[in-house]
Amino acid sequence: MAAAPTPGRRFWLVKSEPDAFSWDQQVERGVEPWTGVRNHMAKANLAAMRIGDLAFFYHSNIGKQIVGVVEVVREAYPDPTVGPDDPKGAKGSPWLCVDVQAVGPMPKPVTLAAIKADPALAEIALVRQSRLSVMPISAEHWARLCAMGEWPA
DNA sequence: GCCAACGTTGGC
DNA sequence: GCCAACGTTGGC
C-alpha cells in the first residue's frame with residue numbers, strides 16, 4: 001500500500017481528449033512525448049516537471065475521468081510539433097514538451113463528478129481552472145485521488 | 001448544441 | 001495600455 005511519497009517528487013495532472021490521444025494509446029507506446037501544449041501556464045508547469053514525478057492521465061470531454069498514472073522520464077525540451085509558421089511558436093521562447101511513460105491504469109477511474117462531490121478536492125485546479133491542461137496536484141490531493149481510484153502503489 | 005471561462009487579437 | 005470582439009476549451 002501507499003508508502004510515504006518519495007521526497008521531492010511532485011505530482012501533476014495532464015489532460016487529453018481521448019479522440020486525440022487516449023490512455024490506451026499511451027499504454028501501447030509506453031513512452032510518449034507530451035506535445036501540443038500552447039498555454040503559458042501549462043508550459044510553466046511542464047518546465048517544472050522532474051524525472052520521476054508522477055501525473056494523473058485525465059480524459060477530457062469524453063469520459064471526464066482520471067484513467068491512469070504516468071511518470072516523467074524526460075524533462076522539458078522544445079516541442080517538435082511547433083512548426084516554423086506556427087504563429088504561437090514563431091515569437092518568443094519555444095513551446096515545451098516532456099516525455100511520459102505509462103505506469104498503470106487507475107483500477108477504479110476517478111470521475112470529475114466524484115471529484116466535484118468531494119469537499120476536500122474543491123480547491124484543485126481541475127475544478128477551479130477547467131481549461132488548464134497541465135496542472136500541479138498537491139501531495140494531499142494526490143493521496144486522496146489515489147485512494148478514490150484504488151491505486152495500489 | 002449551448003454556454004461559461006478565459007486567452008488572444010486588434011482598433012483606438 | 002485599455003477594452004471589445006473573437007476563438008478555443010471543456011463541462012453540461
Side-chain angles (χ1 to χ4, degrees), chain A residues 10-50 53-151:
Chain A
R10 282 191 280 181
F11 304 101
W12 310 91
L13 181 146
V14 294
K15 280 185 195 174
S16 184
E17 295 188 33
D19 277 352
F21 185 71
S22 70
W23 170 253
D24 285 346
Q25 287 172 285
Q26 176 71 49
V27 170
E28 279 173 24
R29 302 197 198 184
V31 175
E32 178 73 9
W34 199 266
T35 57
V37 172
R38 298 292 184 271
N39 170 281
H40 290 290
M41 214 172 310
K43 173 191 162 181
N45 290 330
L46 287 177
M49 289 184 180
R50 295 295 172 259
D53 284 359
L54 298 177
F56 289 125
F57 192 115
Y58 175 83
H59 275 170
S60 61
N61 278 313
I62 301 170
K64 286 169 285 183
Q65 55 191 357
I66 295 168
V67 291
V69 172
V70 294
E71 179 175 351
V72 176
V73 296
R74 181 178 173 187
E75 294 175 9
Y77 60 98
D79 184 340
T81 68
V82 178
D85 53 350
D86 186 331
K88 291 190 169 186
K91 65 171 179 229
S93 58
W95 295 102
L96 300 173
C97 64
V98 299
D99 287 359
V100 297
Q101 180 167 31
V103 177
M106 201 46 75
K108 188 179 160 193
V110 180
T111 65
L112 180 63
I115 292 168
K116 285 189 165 178
D118 186 343
L121 297 172
E123 298 302 312
I124 74 169
L126 185 66
V127 175
R128 306 206 68 180
Q129 290 171 264
S130 62
R131 291 182 57 192
L132 187 59
S133 63
V134 181
M135 67 193 74
I137 299 286
S138 73
E140 291 75 19
H141 289 159
W142 179 270
R144 188 168 188 92
L145 291 161
C146 283
M148 291 168 74
E150 296 174 9
W151 177 252

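A, B, ... follow the sequence lines: proteins, then strands. Residue 1 opens every chain.
Between A:Ile124 and A:Arg144, the closest side-chain pair of non-hydrogen atoms is not below 4.5 Å. Between A:Glu75 and A:Met49 the shortest side-chain heavy-atom distance does not fall below 4.5 Å. With contacts defined as side-chain heavy-atom distances shorter than 4.5 Å, the pair A:Val69/A:Trp142 qualifies.
For A:Arg131 and C:dG10, the CZ to P distance is 8 Å, given to the nearest whole Å. Put simply, CD1 on A:Ile115 is 14 Å from C1' on C:dG10, counting in whole angstrom units. If you measure from atom CE of A:Met41 to atom P of B:dC6, you get 9 Å, rounded to the nearest angstrom. The distance between atom CD1 of A:Ile66 and atom P of C:dG11, rounded to the nearest whole Å, is 12 Å. We find that CD of A:Glu17 is positioned 8 Å from C1' of C:dG10, with the value rounded to whole Å. The separation between A:Met135 atom CE and B:dC6 atom P is 12 Å, rounded to whole Å. The nearest whole Å value for the distance from the NZ atom in A:Lys15 to the C1' atom in C:dT8 is 12 Å. When rounded to the nearest whole Å, the span between CG of A:Asn39 and C1' of C:dG7 equals 14 Å.
The closest side-chain donor-acceptor pair between A:Ser22 and A:Asp24, if any, does not fall under 3.5 angstrom.
Side-chain N/O atoms of A:Tyr58 include none lying less than 4.0 angstrom from OP1 or OP2 on C:dT9. In terms of phosphate contacts, A:Lys116 brings a side-chain nitrogen or oxygen within less than 4.0 Å of OP1 or OP2 of C:dC12.
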